[in-house]
Asks: 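Provided herewith is a single structure, encoded as structure tokens, for subsequent inquiry.
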Amino acid sequence: MVAGTAGAHQPRGAVALRAGRIAWVGPESELPSDYRAWPRHDLEGRLLTPAFLDCHTHIVHGGHRAREFEMRLEGASYEEIARAGGGIVSTVAATRAADEAALIAQALPRLDALLAEGVSCVEVKSGYGLDIDTELRMLRVARRLGTLRPVRICTSFLGAHAVPAGAMADDYIDTVCIPALRAAHAEGLVDAVDGFCEGIAFDTRQIARVFDVACELGLPVKLHAEQLSHIGGTALAARYGALSVDHVEYASEADAKLLAASGSVAVLLPGAFYAIRETQLPPVAAFRAHGVPMALATDCNPGSSPLTSLLLAMNMGCTLFRLTPEEALRGVTAHAARALGLRDTGIIAPGMRADLSVWNVETPAELAYRFGFNPLHQRIFGGVTCN
Ligand code: DI6
Ligand code: FE
């Protein structure tokens with residue numbers, strides 16, 4: 001299949017797809033003669049991008065937290081709600097109560113909303129079980145989602161997300177988190193290991209104990225770090241060669257240097273910044289200056305970021321964090337792929353998977369500039385047109 005495409009003011013481009021991979025890409029005028037006789041799919045000048053990847057989500061969870069939204073409007077902060085027994089642990093109760101079918105039924109509309117905007121790969125975290133059974137059930141559900149829709153799912157084990165009510169953090173790490181990680185890994189359910197390093201969650205020493213097990217199992221790590229305060233999660237993650245550090249509003253210039261050296265991606269989550277009305281901006285200028293790749297994701301979760309639009313995350317990344325539209329586009333494609341450790345997607349180049357999105361726009365900037373509008377024309381997943 002050959003897809004002819006271009007922006008309005010660009011020369012027409014062409015991409016040759018074979019067996020689910022990109023075989024050739026370049027100006028249509030230079031299309032090698034071998035490909036000229038192939039069936040052709042004319043995109044009529046539409047913009048073609050790599051398929052988007054949402055590299056940080058919690059789409060598998062039970063229930064919602066609209067009441068907390070009201071409480072925040074009445075003046076309570078995200079941290080106050082968490083310390084009062086709301087927040088993550090309240091979603092834990094709803095998730096434990098939901099069986100596999102119920103979790104799938106609740107996650108599918110969220111997944112479908114992402115796919116409808118050109119996403120073809122979604123990272124899904126556990127972390128609302130905080131017991132062995134429920135953590136494994138969440139990850140099984142995440143894997144199932146990948147069989148129910150044309151999408152690639154990457155799983156992250158997030159047992160170190162919150163301390164369950166009545167438990168002590170260190171005890172929880174020993175008796176639940178680490179055994180759950182080992183069991184989930186044995187079942188092939190874990191692509192990466194994540195944690196929440198924060199005053200209301202786990203400190204660097206506790207996260208390091210989980211990361212040590214990840215290393216022993218040969219699993220890459222990533223970390224929710226420096227979201228609400230600066231407690232050293234970024235430096236810790238860099239020491240473990242993390243794929244990504246996520247949120248990072250409170251990260252410093254020194255952290256940016258460490259990330260550049262470790263090759264970790266800074267995943268910016270403007271939906272959470274917006275929803276909890278954070279005022280500390282992530283150090284975008286330092287990330288740029290030191291060459292830290294920046295990704296953007298929805299952080300879709302029922303508390304701090306009930307967002308199921310990666311296009312809106314791009315707009316917010318530009319408007320709130322002052323990313324350029326090009327940085328936003330890289331943030332949901334090449335850099336998002338890197339944040340997931342994927343080397344076969346995120347750019348349009350020979351040998352890459354034929355995961356592509358076709359847009360009813362003329363320029364890449366149009367993707368980030370509108371909000372509340374979906375210009376997707378078509379999604380191509382593994383070389384197959386999905387809609
Ligand atoms: N940071 C987040 O933004 C989500 N988890 C985390 O560690 C929030 C999870 C929630 O509020 O339910
Ligand atoms: Fe998160």
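Counting starts at 1 for both ligands and their atoms, following the listed order. This one's a predicted model, so the numbers in the text were calculated from it and none came from an experiment.
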Asks: Would you call Arg143 and Glu187 a salt bridge, using N to O less than 4.0 angstrom?
Replies: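 Looking at Arg143 and Glu187, the cut-off is not met.
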Asks: Under 4.0 Å between a Lys/Arg side-chain N and an Asp/Glu carboxylate O for Arg67 and Glu70?
Replies: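 Here Arg67 pairs with Glu70 in a salt bridge, since their nearest N and O are under 4.0 Å apart.
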Asks: In a check of side chain to side chain donor-acceptor pair (under 3.5 Å) between His61 and each of Gln106, Arg110, Lys125, which one passes?
Replies: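 Result for side chain to side chain donor-acceptor pair (under 3.5 Å) with His61: Arg110.
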Asks: Between the side chains of Lys257 and Glu253, is the shortest nitrogen-to-carboxylate-oxygen separation below 4.0 Å, so that they form an ion pair?
Replies: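 Between Lys257 and Glu253 there is no salt bridge, as every charged N stays at least 4.0 Å from the carboxylate O atoms.
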Asks: Considering only NZ, NE, NH1 and NH2 on the basic side and carboxylate oxygens on the acidic side, decide whether Arg140 and Asp133 come within less than 4.0 Å.
Replies: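 Salt bridge between Arg140 and Asp133, a charged N being under 4.0 Å from a carboxylate O: no.
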Asks: Please name all residues satisfying ring-ring contact (aromatic ring centres under 6.0 Å, His included) with His247, sequence neighbours left out, ordered by chain then number.
Replies: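 His56, His224.
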Asks: Any idea how Trp24 and Tyr35 line up, ring-wise: parallel (<30°), tilted (30 to 60°), or perpendicular (>60°)?
Replies: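 Rings of Trp24 and Tyr35: tilted, as their planes differ by 30° to 60°.
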Asks: Considering only NZ, NE, NH1 and NH2 on the basic side and carboxylate oxygens on the acidic side, decide whether Arg152 and Asp344 come within less than 4.0 Å.
Replies: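 Looking at Asp344 together with Arg152, the answer is yes, because their closest N to O distance falls below 4.0 Å.
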Asks: Around the Fe ion (ligand 2), what protein N, O or S atoms are found below 2.8 Å?
Replies: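 Checking every protein N, O and S atom gives His56 NE2, His58 NE2, His224 NE2, Asp299 OD1.
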Asks: Linking directly or through intermediates, with side-chain heavy atoms under 4.5 Å: list the remaining ILVMFWY members grouped with Val267, chain and number order.
Replies: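 Val265, Leu269, all in the cluster of Val267.
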Asks: Which parts of the protein, at residue level, reach under 4.0 Å of ligand 1 through a heavy atom?
Replies: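 Correct list: His58, Arg65, Tyr78, Ile88, Tyr128, His161, Phe196, His224, Gln227, His247, Asp299, Asn301, Gly303, Ser304.
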